[in-house]
Colleague: 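Have a look at this one before I ask anything.
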Amino acid sequence: MDLLFATGNPKKSEELKALLSLHDYNVLDLNDLHIDTEIEESGKTLHENANIKATFLCDYTQKTALAEDSGLEVDALFGEPGVYSARYAGIPKNDSLNTQKLLQNLQNIENRAAQFRTVIALVSQKGTFSFEGIIRGKIIDTPRGINGFGYDPVFVPDGYDQTFAELSSDIKNKISHRANAVQKLITFLTINKHLL
Ligand code: IMP
């Protein structure tokens with residue numbers, strides 16, 4: 001069954017496709033749908049941004065649509081960069097400048113605890129639903145690894161010694177914030193198939 005997902009980020013899309021194909025869902029992202037509108041993420045929370053993106057796609061296609069918004073929340077920075085994770089060091093978005101800024105802001109700070117959070121919004125004619133996933137971990141001093149994207153090279157999930165950028169995509173896709181939120185979405189869709 002097709003799931004329309006309002007993302008144009010190829011890395012995120014790749015992860016969502018891998019996660020949802022295991023359950024026979026076929027993710028169609030903005031590129032697959034030939035929609036090149038840049039949806040403005042003007043919300044102040046991950047929930048608001050996920051809703052804005054899914055609502056845009058639902059209105060555009062007149063079909064049930066999904067979107068996700070994610071961010072890194074660092075305990076010692078009171079939840080920053082959070083909803084601003086993608087543009088922490090400014091626009092245009094730049095993963096390595098964002099990571100540099102994060103490490104600078106954490107210099108000499110002992111508490112390295114952090115979490116990634118994902119919110120998925122499902123918007124249909126029958127209502128809006130949301131699903132949240134979290135993974136706890138810590139921020140290391142020096143980036144390691146080449147897989148993934150964003151802050152992956154400095155995030156070590158709890159229970160592991162390697163960063164998300166060193167772990168295989170198979171492992172990341174089992175334990176990540178996104179995997180966690182997707183699992184909740186799948187459980188919901190299994191009993192609410194009529195929404196699709
Ligand atoms: P979004 O595209 O507005 O959802 O921004 C999400 C931003 O949060 C990304 O650009 C990354 O900086 C960060 N982020 C979200 N998920 C991940 C992840 O799985 N790994 C690393 N960084 C992530």
Side-chain angles (χ1 to χ4, degrees), residues 5-20 27 29-31 37-57 65-74 77 79-106 112 114-121 130-140 143-158 160 162-183 185:
F5 240 105
T7 180
N9 175 336
K11 288 283 183 185
K12 272 190 180 177
S13 198
E14 212 177 277
E15 287 190 10
L16 290 166
K17 285 179 180 182
L19 288 165
L20 283 152
V27 170
D29 65 21
L30 295 177
N31 299 320
T37 311
E38 177 85 22
I39 309 168
E40 202 195 336
E41 299 187 13
S42 53
K44 291 202 167 51
T45 62
L46 299 176
H47 277 87
E48 280 177 23
N49 276 345
N51 281 347
I52 289 170
K53 292 186 276 188
T55 302
F56 164 85
L57 190 57
L66 294 126
E68 67 101 51
D69 205 36
S70 319
L72 176 71
E73 300 171 336
V74 179
L77 301 178
E80 267 190 24
V83 70
Y84 303 108
S85 294
R87 34 197 162 125
Y88 194 35
I91 290 177
K93 301 172 189 176
N94 182 313
D95 284 351
S96 93
L97 291 180
N98 287 340
T99 303
Q100 269 178 39
K101 177 171 176 182
L102 176 72
L103 295 180
Q104 263 160 22
N105 287 346
L106 283 175
R112 313 293 291 197
Q115 64 187 22
F116 277 118
R117 183 198 300 268
T118 288
V119 175
I120 295 177
S130 57
F131 312 91
E132 195 174 297
I134 283 176
I135 180 152
R136 297 281 306 167
K138 66 172 194 300
I139 305 297
I140 57 166
R144 296 195 322 240
I146 54 165
N147 301 328
F149 66 100
Y151 302 91
D152 279 346
V154 291
F155 184 83
V156 175
D158 283 350
Y160 292 80
Q162 292 167 296
T163 67
F164 259 172
E166 293 176 308
L167 290 166
S168 67
S169 57
D170 276 359
I171 294 182
K172 185 180 176 193
N173 284 344
K174 279 203 182 82
I175 64 172
S176 77
H177 46 313
R178 208 164 287 106
N180 217 303
V182 162
Q183 195 49 56
L185 169 70

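As the structure lists them, so they are numbered: ligands from 1, and atoms in each ligand from 1. Just so you know, these numbers use all the heavy atoms, side chains as well, and skip hydrogens, waters and symmetry mates.
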Colleague: Would you name the heavy atoms of Leu167 and Pro157 that are closest together and state the gap between them?
Modeller: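 What the structure gives for the nearest pair is CD1-CG, 3.8 Å.
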Colleague: Taking a cutoff of less than 4.0 Å between a non-hydrogen atom of the residue and any ligand atom, is Asp152 in contact with ligand 1?
Modeller: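 Yes; Asp152 lies near enough to ligand 1 that a heavy-atom distance drops under 4.0 Å.
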Colleague: Within ligand 1, which atoms have a heavy atom of Glu41 less than 4.0 Å away?
Modeller: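 So the answer, numbered in order with elements, is 3 (O).
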Colleague: Closest by any non-hydrogen atom to atom 18 (C) of ligand 1: pick that one out of Lys12, Lys93, Lys172.
Modeller: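 Nearest heavy atom to atom 18 (C) of ligand 1 lies in Lys172.
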Colleague: So, regarding Asn98 and ligand 1 (criterion: nitrogen or oxygen to nitrogen or oxygen, under 3.5 Å), is there a contact or not?
Modeller: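 N/O-N/O distance below 3.5 Å does not exist for this pair.
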Colleague: Just going by heavy-atom distances, which of Gly82, Ser176, Ser85, Gly8 is nearest to atom 8 (O) of ligand 1?
Modeller: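 Shortest heavy-atom distance from atom 8 (O) of ligand 1: Ser85.
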Colleague: Check whether any side-chain heavy atom of Ile134 sits under 4.5 Å from a side-chain heavy atom of Phe116, and report yes or no.
Modeller: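 Heavy-atom side-chain distance check fails, nothing below 4.5 Å.
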Colleague: Does any N or O in the side chain of Gln183 come within less than 3.5 Å of the main-chain N or O of Asn180, such that one atom is a donor and the other an acceptor?
Modeller: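 No, Gln183 side chain to Asn180 backbone: no donor-acceptor pair under 3.5 Å.
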Colleague: Does Asp69 reach ligand 1, in the sense of a heavy atom lying below 4.0 Å from it?
Modeller: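 Checking ligand 1 against Asp69, which is what was asked, there is a heavy-atom contact under 4.0 Å.
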Colleague: Take Asp29 and Lys12 through the salt bridge (charged side-chain N to carboxylate O under 4.0 Å, His left out) test and state the conclusion after the steps.
Modeller: CA-CA 10 Å; Asp29 65 21; Lys12 272 190 180 177; over 6 Å; no
Colleague: Can you tell me which portion of Phe149 lies within the under-4.0 Å heavy-atom range of ligand 1? Options are side chain, backbone, both, or neither.
Modeller: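 Near ligand 1, Phe149 shows its backbone as well as its side chain.
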Colleague: Tyr151 to ligand 1: N or O pair under 3.5 Å?
Modeller: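 Yes; at least one N/O pair falls below 3.5 Å.
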Colleague: So, for Pro143 and Thr99, which heavy atoms are closest and what is the spacing to 0.1 Å?
Modeller: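 Closest approach of Pro143 to Thr99: CG-CG2, 4.4 Å.
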Colleague: Within a distance under 4.0 Å of any heavy atom of His177, pick out the atoms of ligand 1 and give their elements.
Modeller: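 Taking each heavy atom of His177 in turn, ligand 1 has 16 (N), 17 (C), 18 (C), 19 (O) under 4.0 Å.
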Colleague: What residue and atom, counting heavy atoms only, is the protein's closest point to atom 6 (C) of ligand 1, and at what distance?
Modeller: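 So the nearest neighbour among protein heavy atoms is Ser70 O, 3.1 Å.
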Colleague: Show the atoms of ligand 1 that are less than 4.0 angstrom away from any heavy atom in Arg178.
Modeller: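 Atoms satisfying the 4.0 Å criterion: 15 (C), 16 (N), 17 (C), 18 (C), 19 (O).
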Colleague: Looking only at protein heavy atoms, which one is nearest to atom 23 (C) of ligand 1, and how far off is it?
Modeller: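 Answer for atom 23 (C) of ligand 1: Phe116 CE2, 3.5 Å.
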Colleague: Who are the side chain to side chain donor-acceptor pair (under 3.5 Å) partners of Asp158, not counting sequence neighbours?
Modeller: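 Partners of Asp158 by the side chain to side chain donor-acceptor pair (under 3.5 Å) criterion come out as none, since no residue qualifies.
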Colleague: What protein heavy atom sits nearest atom 10 (O) of ligand 1, and how far away is it?
Modeller: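 Its nearest protein heavy-atom neighbour is Ala86 CB, 3.4 Å.
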Colleague: Check for me whether Lys11 meets the cation-pi criterion with Phe149, that is, NZ or CZ under 6.0 Å from the six-membered ring centre and within 45 degrees of the ring axis.
Modeller: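 Judged by the rule, Lys11 and Phe149 form no cation-pi pair.
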Colleague: Are the side chain of Asn49 and the backbone N or O of Gly43 linked by a donor-acceptor pair below 3.5 Å?
Modeller: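 Present.
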Colleague: For Glu68 and Ser70, test the side chains for any donor-to-acceptor distance below 3.5 angstrom and give the result as yes or no.
Modeller: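 Present: a donor and an acceptor within the cut-off.
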